[in-house]
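Per chain, numbering begins at 1; letters A, B, ... match sequence-line order.
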Amino acid sequence: MTTTISRDAGPTAGPRTDPATDAIGVDAPAFADPPTLGRRNVLAVRGGSGRARRTGLVVLRSSLAFVAFFALWELAPRLGWVDPVFLPPLSTVLATFGGLVADGTLAEQVGTSLVRAVSGFAIAVSFAIPAGVLIGWNDRAAQYLSPFLEVLRNTAALALLPVFILVLGIGETSKIAIVVYACSFPILLSTITGVRTVDPLLVRSARSLGLGRVALFTKVVLPAAVPTVFTGVRMAATASILVLIAAEMVGAKAGLGFYITYTQFNFQIPEMYAGILTIALVGVAVNTLLVTVERRLSRWRTA
Amino acid sequence: MTLTAAAASATDVLAPDAGAPARLRFEHVRKEFTVRGDRRRAPSTLVAVDDLSLDVAAGELVTVVGPSGCGKSTLLDLVAGLSTPTSGRILVDGREVTGPGLDRGIVFQQYALLPWRSAQRNVELGLEARGLPAPERRRVAREKLELVGLAGFEDRYPHELSGGMKQRVAIARALAFDPEVLLMDEPFAALDAQTREQLQDELLRIWRATGKTIVFITHGIEEAVYLGQRVVVLSGRPGRVRTVIDVDLPRGDELAGTDLRTDPRFVAHRHTVWEALHAPAGTPERTGGAA
């Protein structure tokens, strides 16, 4: 009988606080599961000041490239390496950016774009996940449809933009529709994969526990597929913004894509760069948000 | 306690006690697989298990050993009802096995725990399928986790447990709905030696506490002799019962403080099983298809 708790609660091990963290039992050697060894324990041994230094190093390493890039952006126009008219120094762009944030111009464009992206994304999620589940769970359907879906997915969504505009006009509908199209395939295909690649051992053991088809599906297959499905959802979110910006550049009266081409035509170059910066920020924000959600949904994974 | 390593041929050791009906009975079980052909080979039939007959009495702990590829795991799938025999029957308490059922609990080598569920919720899985109300499920799950020595670990997730602990959870899960037969497929093979010995003793304790009928598949001779009241030795492909060896060793309290594995009787049994395993084997049987 083992009542010992193996050492596992490193600083990142989660909300549990065990009083007996340091008791290593007879069972402990078996605890050498690869994911729990390594970093966590190393950190635990090093203690507080080491960890702070380590965090500092991480921040330093990851910001070095930014610093270099921004410095180059600032200096290149000032030193006359590039024409400041076409590439204004970073400080000028940031000042313009600040102004655009203050007068609400950027908020308006970001709002317009986000409404389109989010509606298209939401429509895609709400139909592609159930569709993927149905196809993935049904061997026959998967055999018939997978190759076709693979071809559709690899047809660049933007190549179809003219078709969408021809059929749906240049209003909101065609823009949301192309976002739906671009988002659907990553979600659909990853859902199919997720459902089809559930560990057969888990299915076998669940069946031996008397789970019927429905219970097997809701209690084993779906939860097991969540991480894979979510990878597709994240890819879709990235795709939604990408495709939307391009669609807005081609034909729109508002939105970030429109704003960038509009300012370019009107020779408001700092404004154009401010728009581009905004897109980068929106992209990072969306990705961060989704990574957070993903972590929550698959907290049981050791990572 | 006399030293009787009774090895007998499969045919006359069908039932240990002819009077009592067997809890688990194999009747001439045969399982074939079709091996898909390719450019060089025509499709062929692989016989994994052939004409296997065996009776396991209620409350008995039988271990099954055999060379790798002798169809041990096929056998387990058949008893579990996860696949059906090509011919022959498997009976649990006289009822033929036609699919998975709650009269048989299975413990797999790779634990097969749902990683997104805590230990407690993993044990509850089978009970949910049976439609037990939640408070009842929680009570049973706690009770079984306590039985396997995991009280206090209910809320741990599988990745927070050691291999030995994971296998304890799997045992608790298999026992949760009180199956008559517990099937174990090399459950301790993935554990380190110390944990394995610990769990072997745990299993014997659980077996004595619950009186379950246990079929324990292993590739370890020592493990087979240590755990089994009888050791069933299978021959190589196709799997057949080569011999059944009665193990007659001191158990339980008699054993306190001694190392059974060095006991001369244990060593003798071990050697008997070893000899049975290493007796000249029949050639692997592959009946050609359309070739």
Side-chain angles (χ1 to χ4, degrees), chain A residues 1-10 13-16 18-21 24-37 40 198-216 218-227 296-303, chain B residues 76-77 80-82 99-102 104-118 125-131 148-153 155-168 170 173-174 176-177 179 183 190-196 198-199 201-202 205:
Chain A
M1 167 131 177
T2 25
T3 45
T4 43
I5 299 172
S6 304
R7 177 201 291 273
D8 84 326
R16 285 177 308 93
D18 293 316
T21 323
I24 298 183
V26 190
D27 229 3
F31 198 72
D33 288 342
T36 45
L37 277 185
R40 268 189 214 169
V198 173
D199 184 354
L201 180 64
L202 290 186
V203 174
R204 244 159 46 108
S205 92
R207 279 183 58 205
S208 79
L209 287 168
L211 269 72
R213 221 174 132 79
V214 176
L216 183 67
T218 54
K219 292 184 197 296
V220 179
V221 175
L222 276 189
V226 164
R296 281 213 143 214
L297 284 177
S298 47
R299 225 177 331 193
W300 47 270
R301 291 205 291 189
T302 31
Chain B
L76 184 114
D77 268 18
L82 296 172
L102 298 181
R104 286 147 288 147
I106 303 177
V107 178
F108 296 94
Q109 186 191 330
Q110 296 302 334
Y111 325 124
L113 300 178
L114 302 181
W116 57 88
R117 283 182 170 228
S118 62
L125 183 65
L127 302 170
E128 285 169 28
R130 214 170 60 170
V148 298
L150 279 184
F153 289 85
D155 297 328
R156 294 289 190 103
Y157 284 82
H159 74 263
E160 299 171 320
L161 297 170
S162 67
M165 290 168 155
K166 280 187 238 187
Q167 200 53 288
R168 285 166 194 256
R173 182 177 65 179
F177 42 82
L183 304 163
L191 304 176
D192 64 273
Q194 262 188 358
T195 312
R196 187 181 311 134
Q198 214 176 9
L199 274 174
D201 289 331
E202 266 308 79
R205 182 183 63 75

Side chain / backbone / both / neither for L183(B) at chain A, heavy atoms under 4.5 Å: neither

Which portion of R173(B) sits near chain A, non-hydrogen atoms under 4.5 angstrom: both

Residue selection (most heavy-atom pairs with chain A, distance under 4.5 Å) from G105(B), P179(B), A112(B), G126(B): A112(B)

Contacts of type side-chain contact (heavy atoms from CB on, under 4.5 Å), residue L222(A), not counting sequence neighbours: V133(A), F217(A)

Of all the heavy-atom pairs spanning [X] and [Y], show the shortest one and how long it is.
| X | Y | value |
| --- | --- | --- |
| S208(A) | P100(B) | CA-CB, 4.2 Å |
| A129(B) | G210(A) | CB-O, 3.7 Å |
| K219(A) | L125(B) | CD-CD1, 3.9 Å |

Summary of salt bridge (charged side-chain N to carboxylate O under 4.0 Å, His left out) pairs that have at least one residue in residues 201-210 of chain A, sequence neighbours excluded: R204(A)-D77(B)

Close side-chain approach of R117(B) to P223(A), heavy-atom, < 4.5 Å: no

Contact check, side chains of L202(A) and P115(B), non-hydrogen atoms, under 4.5 Å: yes

Heavy-atom pairs under 4.5 Å with chain B, option from L216(A), V220(A), D199(A), L209(A) with the top count: L209(A)

